[in-house]
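Just so it is clear: chains get the letters A, B, ... in the order the sequence lines come, proteins before strands, and each one is counted from 1.
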Amino acid sequence: MNFDHMIYSVLSQIPFGHTVSYGALARSAGFPNHSRHVGRLLKNLPKDTQLPWHRVVNSQGKISLPQGSDGYTEQRQRLQSEGIPIINDKINKPYFLG
DNA sequence: GTGCTGACAAACG
DNA sequence: CCGTTTGCCAGCA
């Protein structure tokens with residue numbers, strides 16, 4: 001089991017309508033200090049991935065992409081389509097796994 | 001091998 | 001609230 005596989009595994013188990021932070025996701029996969037690498041994985045995900053990458057936000061409850069970028073808009077839309085309220089660019093919902 | 005980068009995070013001031 | 005500093009570590013040149 002490598003890091004990537006574990007992260008994918010945990011990510012795929014995030015329930016609909018929930019969010020996780022990068023750090024929480026890494027910890028849950030058994031890698032306490034790899035929050036940054038989660039971001040790297042998400043960045044490398046193919047456009048057509050089935051994984052709920054949009055459920056991953058930073059510890060501030062915000063989308064960790066430059067505002068106005070395609071990714072930002074994409075993620076924000078997906079989150080709202082799951083019923084996750086976003087106030088002032090912040091996720092107004094408790095994290096799953098932390 | 002070295003040095004820099006980064007979809008992070010916590011601790012400060 | 002904001003900006004800075006520090007710790008972290010897999011990729012990449």
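A close approach under 4.0 Å does occur between a side-chain nitrogen or oxygen of A:Ser59 and OP1 or OP2 of B:dA10.
Spacing between atom CG of A:Asn58 and atom C1' of B:dG6 amounts to 14 Å, rounded to whole angstrom units. When the C1' atom of C:dG11 is taken as reference, atom CG of A:Asp4 falls 11 Å away, rounded to whole Å. Rounded to whole angstrom, the span from the CG atom of A:Leu25 across to the P atom of B:dA7 amounts to 16 Å. The distance from atom CD of A:Glu74 to atom C1' of B:dA7 is 14 Å, rounded to the nearest whole Å.
Of all nucleotides listed (B:dA9, B:dA7, C:dC9), C:dC9 comes nearest to the side chain of A:His37. Residue A:His34 places its side chain closer to C:dC9 than to any other of B:dG6, C:dC9, B:dA9. Each of C:dC9, B:dG6, B:dA7 was ranked by its minimum atom distance to the side chain of A:Arg36; first place goes to B:dG6. Looking at the side chain of A:Gln75, the nearest of the listed nucleotides C:dC9, B:dA7, C:dC1 is B:dA7.
Counting only N and O atoms by type, the side chains of A:Gln77 and A:His54 include no donor and acceptor under 3.5 Å apart.
Between A:Ser21 and A:Val56 the shortest heavy-atom distance is C-CG1, 4.4 Å.
A salt bridge links A:Glu74 to A:Arg78: one of the charged nitrogens lies within less than 4.0 Å of a carboxylate oxygen.
Between A:His34 and A:Phe3, the ring planes lie tilted relative to each other; the angle falls in the 30° to 60° range.
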